[in-house]
Amino acid sequence: MKRSVIIVAGGKGARMGGDLPKQFLPLNGKPVLMHTLDVFYRWDSSAGILLVIPEEHESYWSMLCREIGCKIPHRIIYGGETRFHSVQNAIRELDGDCIAAVHDGVRPFVGCDVISACFAIAEEYGAAIPVVAMTESVRMIDGGQSRPLDRNRICTVQTPQVFRAELLRQAYGRSYDAQFTDDASLVEAAGYAVRLVDGNRENIKITTPMDLRYAEIMMT
């Protein structure tokens with residue numbers, strides 16, 4: 001079945017503390033976002049890549065591609081008001097019956113084995129997401145009180161989140177609701193089960209200066 005990858009890169013970088021959006025910050029000689037494209041191209045050069053960016057960032061991204069020499073084939077999709085609307089715009093451009101991943105543009109360290117596992121499980125069962133087990137103690141805060149939770153029953157969720165295209169179309173056919181924070185929660189709300197796949201701990205989301213420092217160390 002055909003494979004597609006939606007890479008969402010609409011962040012403004014507020015938590016990074018600078019004017020340059022985090023996806024364009026330099027990492028080992030090229031933008032974070034370019035490293036993310038590299039990973040998916042190395043994984044499967046035949047997969048169709050849809051890059052979702054704000055319309056006002058297109059000229060800057062094109063300039064970076066020319067100057068750095070990014071030759072990875074991809075289509076630009078303009079983002080929307082929220083991540084939900086950005087992904088919705090990209091889903092409209094998916095080709096028929098395919099398996100589609102939705103991935104954060106600022107996660108350049110996802111393992112190719114994780115991507116492969118997510119696609120394989122999604123093709124068989126419909127939906128798959130990578131997760132990592134908790135290693136620290138966690139507590140639930142409720143008003144002015146807190147209580148411990150069993151960390152063995154909690155995991156953190158990563159991307160790519162991978163689905164059969166028809167599931168994504170149904171999930172994103174609903175109206176925007178801020179309570180849904182990722183693609184998997186929307187798919188579950190549409191009535192479909194989501195399978196869990198072991199992620200890789202290096203697959204961090206670069207959103208703060210400390211994350212970028214950590215990424216630089218991993219690149220050495």
Side-chain angles (χ1 to χ4, degrees), residues 5-43 49 51-70 72 74 76 78-87 101-112 114-115 129-141 146 151 154-161 178 180-185 198-220:
V5 179
I6 297 170
I7 297 179
V8 187
K12 300 184 184 303
R15 279 177 287 180
M16 195 62 74
D19 295 330
L20 191 64
K22 57 197 174 187
Q23 60 268 26
F24 298 137
L25 289 172
L27 177 62
N28 197 32
K30 58 186 179 183
V32 169
L33 181 56
M34 218 169 274
H35 287 288
T36 303
L37 265 69
D38 284 347
V39 171
F40 283 92
Y41 191 69
R42 288 198 307 269
W43 166 70
I49 297 178
L51 177 59
V52 188
I53 59 175
E55 184 175 359
E56 60 268 26
H57 291 171
E58 182 179 17
S59 60
Y60 185 69
W61 172 249
S62 297
M63 179 272 292
L64 289 173
C65 288
R66 288 194 305 272
E67 291 194 353
I68 297 172
C70 177
I72 295 173
H74 62 276
I76 298 293
Y78 293 146
E81 182 181 351
T82 67
R83 184 185 186 278
F84 173 92
H85 297 99
S86 293
V87 175
V102 183
H103 188 69
D104 299 320
V106 289
R107 288 188 187 268
F109 297 111
V110 60
C112 288
V114 173
I115 302 172
I129 60 173
V131 300
V132 174
M134 291 294 299
T135 58
E136 300 184 39
S137 296
V138 291
R139 298 184 72 86
M140 170 71 77
I141 298 173
S146 70
R151 68 184 176 192
I154 298 173
C155 57
T156 57
V157 177
Q158 303 177 330
T159 66
Q161 300 190 0
F180 297 110
T181 58
D182 68 354
D183 313 289
S185 58
D198 288 335
N200 61 298
R201 292 197 179 278
E202 302 85 359
N203 184 19
I204 63 169
K205 186 176 182 181
I206 301 175
T207 58
T208 68
M210 183 60 71
D211 296 333
L212 188 60
R213 226 177 273 177
Y214 183 37
E216 289 168 347
I217 292 170
M218 286 196 286
M219 281 287 183
T220 60

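For the pair V138 and M134, the tightest heavy-atom approach, listed with the atom from each and the gap, is CG1-CE, 3.1 Å. Between M218 and I204, the closest heavy-atom pair is CE-CD1, 3.9 Å. Of all non-hydrogen atoms in P160 and V110, the two that sit nearest each other are CD-CG2, 3.7 Å. In terms of heavy atoms, V114 sits closest to P130 at CG1-CB, 3.8 Å. For the pair G79 and S86, the tightest heavy-atom approach, listed with the atom from each and the gap, is CA-OG, 3.3 Å. When all heavy atoms are compared, the tightest approach of A9 to P54 is O-CD, 3.6 Å.
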Show your reasoning for whether side-chain contact (heavy atoms from CB on, under 4.5 Å) applies to V102 and T159.
-> CA-CA 7 Å; V102 183; T159 66; over 6 Å; no
R83 vs D183, side-chain contact (heavy atoms from CB on, under 4.5 Å): CA-CA, chis, key distance, verdict | CA-CA 10 Å; R83 184 185 186 278; D183 313 289; 3.2 Å; yes
Stepwise, does the side-chain contact (heavy atoms from CB on, under 4.5 Å) test hold for V5 with I115?
-> CA-CA 10 Å; V5 179; I115 302 172; over 6 Å; no
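Taken to the nearest 0.5 Å, the CG atom of L212 stands 10.5 Å off from the OG1 atom of T207. Atoms CD and OH, on E56 and Y78 in that order, are 10.0 Å from each other to the nearest 0.5 Å. To the nearest 0.5 angstrom, L51 atom CG is 6.5 Å from I7 atom CD1. A distance of 12.0 Å separates CG in L33 from NZ in K22, rounded to the nearest 0.5 Å. Distance CD/E216 to CG/D211: 11.0 Å, rounded to 0.5 Å. How far NE2 of H103 is from CG of N203: 5.5 Å, rounded to the nearest 0.5 Å.
Using a 4.5 Å cut-off on side-chain heavy atoms (C-beta onward), I68 and P31 make contact.
In this structure D198 satisfies the side chain to side chain contact (heavy atoms under 4.5 Å, CB included) test with no other residue, sequence neighbours excluded. Partners of R107 according to the salt bridge (charged side-chain N to carboxylate O under 4.0 Å, His left out) rule, which considers only residues two or more places apart in sequence or in another chain, are D104. For T181, there are no side chain to side chain contact (heavy atoms under 4.5 Å, CB included) partners two or more places apart in sequence or in a different chain. V131 is linked by a side chain to side chain contact (heavy atoms under 4.5 Å, CB included) to I129, C155, V157, L196, counting only residues two or more places apart in sequence or in another chain. Taking the ring-ring contact (aromatic ring centres under 6.0 Å, His included) definition, one finds that Y60 meets it with F24, sequence neighbours left out. For C65, the side chain to side chain contact (heavy atoms under 4.5 Å, CB included) partners are M34, W61, C70, H74, not counting sequence neighbours.
A donor-acceptor pair is defined here as one N or O able to donate and one able to accept, closer than 3.5 Å; such a pair exists between the side chain of Q158 and the backbone of N200. The main-chain N or O of G105 is never found under 3.5 Å from a side-chain atom of Q23 such that the two would form a donor-acceptor pair.
Ion pairing between a basic and an acidic side chain is recognised when a charged N comes within 4.0 Å of a carboxylate O; K30 and D38 show such pairing.
Heavy atoms from other residues, nucleotides or ligands lying under 6.0 Å from CE of M140 number 12 at most.
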